[in-house]
Amino acid sequence: MSQRTERRGGIHVDQSDLLCKKGCGYYGNAAWQGLCSKCWREEYQRVRQKQIQDDWALAEKLQREEEAAYASSHGPQTQPPSQSTPPHPQPGHASLGPFSKFEEKKTNEKTRKVTTVKKFFSPSSRSAPKKETQEGKTPSPSVSRRASFDTDQVSKDFVDFLKNLQKPGREIHKQCRAFIGNMSSKKDLSADELSECVQDFYQNLADRLMGHFKCSSESVEQVMDQVEKYIMTRLYKSVFCPETTDDEKKDLATQNRIRALHWVTIEMLCVSFDEEIPEVSENVVKAITDVIEMDSKRVPRDKLSCITRCSKHIFSAIRITKKEPASADDFLPALIYIVLKANPPRLQSNIQYITRFCNPSRLMTGEDGYYFTNLCCAAAFIEKLDAQSLNLSPEEFERYMSGQASPRCSGSEEDWSSPAPAPTNPVLAQLNQNLEVLSGLSGRQEALMEAAHSLQADLLSWPESVQHEVHDILKKYPLEVLPRSAPAIDDNNDVDNDNLPPPLTPQVV
Amino acid sequence: MSAMRVDAKVVMLGKESVGKTSLVERYVHHRFLVGPYQNTIGAAFVAKPIQVGENVITLGIWDTAGSERYEAMSRIYYRGARAAIVCYDLTDSSSFQRARFWVKELQNCEEHCKIYLCGSKSDLISEDRSLRQIDYHDAQDFADEIGAQHFETSSKTGSNVDELFQKVAEDYRSTSFHGMTLQETGVDLTPKKDSSFYSCCHNN
């Protein structure tokens with residue numbers, strides 16, 4: 001605004017420039033692009049309409065592209081048509097309606113802003129909101145596309161695997177698809193009933209393979225692994241931590257519980273880790289990573305293998321520390337320690353999910369089952385953990401739990417070998433070091449700021465002091481005190497006065 | 001080893017330091033841990049195939065933590081076990097009391113689990129008879145009472161160790177061949193099979 005008025009004031013404006021640009025004879029207004037109010041309204045409506053149409057066209061184009069990409073990402077026979085194709089176009093359509101409305105408001109705002117900056121019809125302003133549209137739109141479909149991409153990959157693998165089996169393969173595929181279709185209509189069953197359905201299906205399929213197709217038990221196991229992978233990838237969303245259970249509440253409780261137990265030390269649990277050995281702490285970190293990673297897997301068996309990997313790392317850590325193979329007496333406390341350190345996300349949900357939907361033969365007997373059982377034990381132990389299970393007095397336990405004391409501070413009475421937390425963990429040491437560096441930096445920054453302030457103060461006071469000095473000098477040698485001589489020479493010595501030329505009289509006037 | 005198919009789950013129960021791990025170690029690797037061993041990663045879970053007649057049976061042997069602080073969780077461990085080897089130290093009478101506790105637990109919770117009572121460290125007794133705190137006949141009486149097999153083993157010399165596990169495998173074989181028809185098809189499958197097939201056909 002101020003810019004405009006300035007310009008108006010500066011430059012002479014022709015009368016014709018003030019009229020509406022459309023030539024309707026009314027006066028135009030710069031705020032309306034030099035149009036009169038009527039013409040502006042028409043023009044604005046037209047532009048807005050075009051913008052909306054463009055947005056629609058763009059959205060449609062995007063959607064077509066997406067569908068094309070989606071269709072090409074999987075073979076025609078692998079995709080059960082009833083499954084994931086329909087949900088995809090829908091979110092696009094559904095979001096389009098409200099979205100374009102929102103976009104319309106946005107452009108509305110934009111155009112208004114733009115007019116004042118006089119850029120309304122420039123191509124850059126037109127394309128800018130479009131880009132935003134694109135970027136704002138893509139994330140939601142792409143995320144779901146990614147998830148479905150994984151699912152498609154799994155189905156593709158599954159079909160590839162079944163191709164080798166020929167006739168039984170076709171039968172298995174048919175049964176699995178029928179089962180999944182069947183399950184989608186049973187959404188409101190309780191978790192235990194769902195689990196029973198899945199377990200029955202495993203059992204029936206395995207029996208049929210054994211009985212009808214006379215497969216060997218090894219190949220049945222292989223097939224069952226693939227079937228589990230395929231089915232559970234598809235069912236995961238509806239059966240993991242379902243709303244009908246209080247799994248989520250338990251997850252939160254466990255998470256908070258573990259958080260409250262942050263003070264538990266290796267010594268209290270009698271874990272034989274020596275984390276000062278780099279190899280040990282490396283294994284500990286890996287174990288923690290693995291147990292956290294469990295939550296990201298969808299197939300029960302993949303979750304189990306995360307637990308198994310975690311356990312193997314724990315065994316390595318114990319073996320390196322103790323220089324002998326670990327027994328269960330070493331392992332369980334170590335696993336508890338790892339779980340406490342990791343605080344794995346949705347621990348209870350994951351345990352429940354594995355228990356409900358994993359192939360039972362694997363869970364009950366095999367090595368994976370052993371480690372899983374230990375994890376269940378660890379979770380149960382943490383839930384019930386009290387003073388006695390850590391060899392603490394109830395008072396001590398209470399104090400630690402309430403955060404009034406920390407075991408590291410009471411080092412003197414308990415005689416911990418290393419009271420300082422710093423050397424126990426290289427990460428922690430690094431953290432401390434970083435903190436030190438940061439505090440050093442902030443100290444220097446403060447000093448710098450102080451110096452800058454004092455410099456500023458100096459600079460501010462300098463002209464004052466100069467002025468002061470000048471003032472003083474002026475006071476000392478006032479101008480008007482010497483009417484006979486020139487005031488300009490008052491700072492000179494009287495001795496010098498003699499040398500000066502006499503004609504000073506004109507200045508007195 | 002992880003990919004190995006396991007037929008039966010065998011849990012090792014017993015107080016801390018009665019020698020559960022040593023027993024497994026002796027049986028699987030034919031050695032007794034006296035010094036540092038580096039080649040095995042851990043002895044907590046082992047899958048061991050055993051020749052029984054014409055068949056090979058793979059036992060999955062589960063070591064458990066014996067400390068009392070984990071006592072409440074022991075039930076999670078022996079769920080679904082086909083056999084439990086309850087160990088006690090022949091030179092430690094308290095360990096026998098703990099063994100009695102586990103036997104009771106097993107009888108209450110896991111009726112299909114066969115119990116094997118195992119007195120460990122018999123080599124110490126043969127060196128010095130005065131160390132014995134659990135009388136052989138007392139233990140045998142207890143075993144008879146609960147319908148269990150009784151062994152006295154030494155992981156150091158290997159005495160009776162193979163016999164113990166061989167017995168476990170043989171018993172499993174006879175019960176599983178006998179029980180396959182009786183238990184698994186009879187109890188587990190038929191009722192479930194019907195319900196599931198019915199729902200399948202019904203909804204399609």
Side-chain angles (χ1 to χ4, degrees), chain A residues 175 178-179 181-182 185-186 196-197 199-201 203-204 207 217-218 221 269-270 305 308 311-312 314-316 318-320 322-333 336 360-371 373-374 376-381 384-386 388-391, chain B residues 1-10 12 16-17 20-22 24-25 29 33 35-47 58-70 72-77 79-82 185 188-189 192-193 195-197 199-204:
Chain A
Q175 285 212 17
F179 177 70
N182 202 5
S185 65
K186 292 185 185 167
E196 209 166 293
C197 288
Q199 297 292 354
D200 283 351
F201 177 72
Q203 181 96 52
N204 289 328
D207 286 350
S217 58
E218 279 98 66
E221 200 148 294
L269 289 166
C270 309
S305 35
T308 304
S311 306
K312 294 268 155 99
I314 294 174
F315 274 116
S316 304
I318 297 172
R319 197 198 58 204
I320 294 162
K322 284 185 70 178
K323 307 237 167 18
E324 66 180 56
S327 68
D329 290 313
D330 303 315
F331 174 65
L332 183 59
I336 291 168
S361 66
R362 188 169 295 281
L363 208 53
M364 292 317 287
T365 48
E367 190 175 18
D368 290 341
Y370 178 73
Y371 298 128
T373 306
N374 274 288
C376 295
C377 264
F381 180 82
K384 296 200 183 95
L385 187 145
D386 58 12
Q388 203 191 348
S389 44
L390 292 174
N391 293 329
Chain B
M1 196 146 81
S2 62
M4 198 181 271
R5 218 190 112 77
V6 174
D7 295 304
K9 168 175 166 181
V10 180
M12 310 289 297
E16 244 174 328
S17 74
K20 300 182 295 292
T21 313
S22 296
V24 177
E25 192 73 7
H29 301 292
L33 292 174
Y37 281 91
Q38 300 267 357
N39 11 1
T40 46
I41 205 177
F45 174 87
V46 215
T58 308
L59 297 182
I61 303 169
W62 291 38
D63 195 3
T64 62
S67 168
E68 265 184 69
R69 59 164 82 168
Y70 308 120
M73 271 81 67
S74 57
R75 213 163 287 185
I76 305 175
Y77 277 108
R79 188 186 298 150
R82 302 302 300 265
T185 45
D188 264 344
L189 295 186
K192 286 182 177 174
K193 203 170 190 166
S195 65
S196 161
F197 269 130
S199 60
C200 250
C201 304
H202 199 67
N203 279 324
N204 285 340

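No experiment lies behind these values; they were computed from the predicted model shown. Throughout, protein chains are lettered first and strands after them, A, B, ... in sequence-line order, and every chain is numbered starting at 1.
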Checklist entry - Shortest non-hydrogen contact from F315(A) to A44(B)? => result CZ-CB, 3.4 Å

Checklist entry - In terms of heavy-atom proximity below 4.5 Å to chain B, should P333(A) be classed as side chain, backbone, both, or neither? => result both

Checklist entry - Closest approach of S327(A) and T21(B), non-hydrogen atoms and distance? => result CB-OG1, 3.0 Å

Checklist outcome for this item: Nearest heavy-atom contact between I76(B) and A380(A) is CD1-CB, 4.1 Å

Next on the checklist: Quick check: closest heavy atoms across D329(A) and S67(B), and the distance to 0.1 Å?
Outcome noted: OD1-N, 4.0 Å

Checklist entry - Which answer fits I336(A), side chain, backbone, both or neither, if we ask what part of it has an atom under 4.5 Å from a heavy atom of chain B? => result side chain

Checklist entry - Can you say whether the rings of Y370(A) and W62(B) are parallel (under 30°), tilted (30 to 60°) or perpendicular (over 60°)? => result perpendicular

Next on the checklist: Please evaluate residues Y77(B) and L332(A) with respect to the criterion side chain to side chain contact (heavy atoms under 4.5 Å, CB included), reporting the C-alpha separation (whole Å), side-chain torsions for both, the decisive distance (0.1 Å), and the verdict.
Outcome noted: CA-CA 12 Å; Y77(B) 277 108; L332(A) 183 59; 3.7 Å; yes

Item to check | D330(A) portion near chain B, given a 4.5 angstrom heavy-atom threshold | outcome: neither

Next on the checklist: Run Y70(B) and C377(A) through side chain to side chain contact (heavy atoms under 4.5 Å, CB included) and show every step you take.
Outcome noted: CA-CA 8 Å; Y70(B) 308 120; C377(A) 264; over 6 Å; no

Next on the checklist: If you apply the rule side chain to side chain contact (heavy atoms under 4.5 Å, CB included), what do you find for N391(A) with R69(B), and how did you get there?
Outcome noted: CA-CA 9 Å; N391(A) 293 329; R69(B) 59 164 82 168; 3.1 Å; yes

